[in-house]
Amino acid sequence: MNFGIDDLPVRDELRGKSPYGAPQLDVPVRLNTNENPYPLPDALVERIAERVREAARNLNRYPDRDAVELRTRLAEYLTDTSGHEVGLANVWAANGSNEVIQQLLQTFGGPGRTAIGFEPSYSMHGLIARGTGTGWISGPRNEDFTIDLAAAEKAIAEHRPDVVFVTTPNNPTGNAVPRETVLALYEAAQAARPSMVVVDEAYVEFSHGDSLLPLIEGRPNLVVSRTMSKAFGAAGLRLGYLAAHPAVVDAVQLVRLPYHLSAVAQATALAALEHTGTLLKYVEQLKAERDRLVGELRAIGFDVTESDANFVQFGTFADSHEAWQRILDRGVLVRDNGVPGWLRVTAGTPAENDAFLNAVRELKKEQDES
Ligand SMILES: *Cc1c(COP(=O)(O)O)cnc(C)c1O
């Protein structure tokens, strides 16, 4: 008999559960985790090496616990791209926006408290809730994957959650949530408790519309979370951040680990922020490829959810897992997020997207013939 998890005295709510696990398979075309397909440009790689070399001279010391230079640069980036002025005091950074979300749930959730998300949405919100002992409530969506506002307001009034997650553009469906919907959810959440509203904008740089960052003005219970994993093409760096009222930044200090953000990570992120112009040009290319995927998938005969992200949800399939496997058999890895009937493909390079489109064209033909 093998000794396993169930033989350990793990917390009851973790028993029988599975970890987050997008397959990391070695196939020619990997379009399953919404990564940016373009490696960082050489000039930036050089700059990272320089800044990391400098940081290495002081690795005998703990890093800047408050990441002041990095947060200042992130605040400048947010101000420049949103037209809404934020400063050091509004911004907090951590190891990926997943850690930002974890810190928010450690601060505002926890045992005896609950969080709600409108599903299908980013599965990590529920998983991090579980990890922090926060009760999870799965809120409703319409058939077309938009948020059912009346049902959402009802769920908030009924459950009075401590934290409300709104992912826009939403993952895995791709659609953005209208500003008025977010405002209505904020009002509902304030009337019910009041509770914190976390707007997860991991994909906002790819959106046709604007960031909701200006909504933090006069709304101290609203947090916008962002990441360098997608638009900045730096998923391997692990750098996420939030913008909110300075009181929120003060509050998460209560739970963050001291020196959580390594000096190497801070130096690397600072180098990347010197190259935002170049990095955002890749974003423009990816947006064009995303729009091409939407158009071509529709031309092939698939249903496609409107996308403001760097990925596209398409379907429908009688058996989406089987369709996923048949696409994989052709050397292309897409994502089965467990949304019945639907799959998700990340916009890759033009050549990768062509390979994907050829694979699904063949799949469609097979389906039509059978
Ligand atoms: C990818 C993603 C993130 C990013 O997580 P990191 O920890 O910053 O890599 C956050 N939210 C959503 C909705 C995502 O899809």
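Atoms within a ligand are numbered from 1 in the order they appear, just like the ligands themselves. All of these numbers come straight from a predicted model, not from anything done at the bench.
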Is the charged tip of R344 near the ring of F311: under 6.0 Å from the six-membered ring centre and within 45° of its axis? yes
Against the six-membered ring of F206, is K230 placed for a cation-pi contact (under 6.0 Å from the centre, within 45° of the normal)? no
Please tabulate protein-ligand N/O pairs under 3.5 Å for ligand 1, atom names and distances to 0.1 Å.
unit_1	atom_1	unit_2	atom_2	d
ligand 1	5 (O)	S97	OG	3.2
ligand 1	7 (O)	S97	N	3.2
ligand 1	7 (O)	N98	N	3.0
ligand 1	7 (O)	N98	ND2	3.1
ligand 1	7 (O)	R238	NH2	2.7
ligand 1	8 (O)	S97	N	2.7
ligand 1	8 (O)	S97	OG	2.9
ligand 1	8 (O)	T227	OG1	2.6
ligand 1	8 (O)	S229	OG	3.4
ligand 1	9 (O)	S229	OG	2.7
ligand 1	9 (O)	R238	NH1	2.8
ligand 1	11 (N)	D200	OD1	3.2
ligand 1	11 (N)	D200	OD2	2.7
ligand 1	15 (O)	N171	ND2	2.7
ligand 1	15 (O)	Y203	OH	2.5
ligand 1	15 (O)	K230	NZ	3.4

Show me, pair by pair, the donor-acceptor contacts under 3.5 angstrom made by side chains of residues 48-55, not counting sequence neighbours?
unit_1	atom_1	unit_2	atom_2	d
E50	OE1	R47	NH1	2.6
R51	NH1	E274	OE2	2.6
R51	NH2	E69	OE2	3.2

Apart from V204 itself, members of its ILVMFWY cluster (side-chain separation under 4.5 Å) are none
Check the angle between the aromatic planes of Y38 and Y282 and answer parallel, tilted or perpendicular using the 30° and 60° thresholds. parallel
Using distance only, find each side-chain donor-acceptor pair of residues 87-103 under 3.5 Å and give its atom names and separation, not counting sequence neighbours.
unit_1	atom_1	unit_2	atom_2	d
N90	OD1	G87	N	2.9
N90	ND2	A244	O	3.0
W92	NE1	Q103	OE1	2.8
N95	ND2	E99	OE1	2.8
N95	ND2	H260	O	2.9
N98	OD1	Y122	OH	3.1
N98	ND2	Y122	OH	3.4
E99	OE1	N95	N	2.6

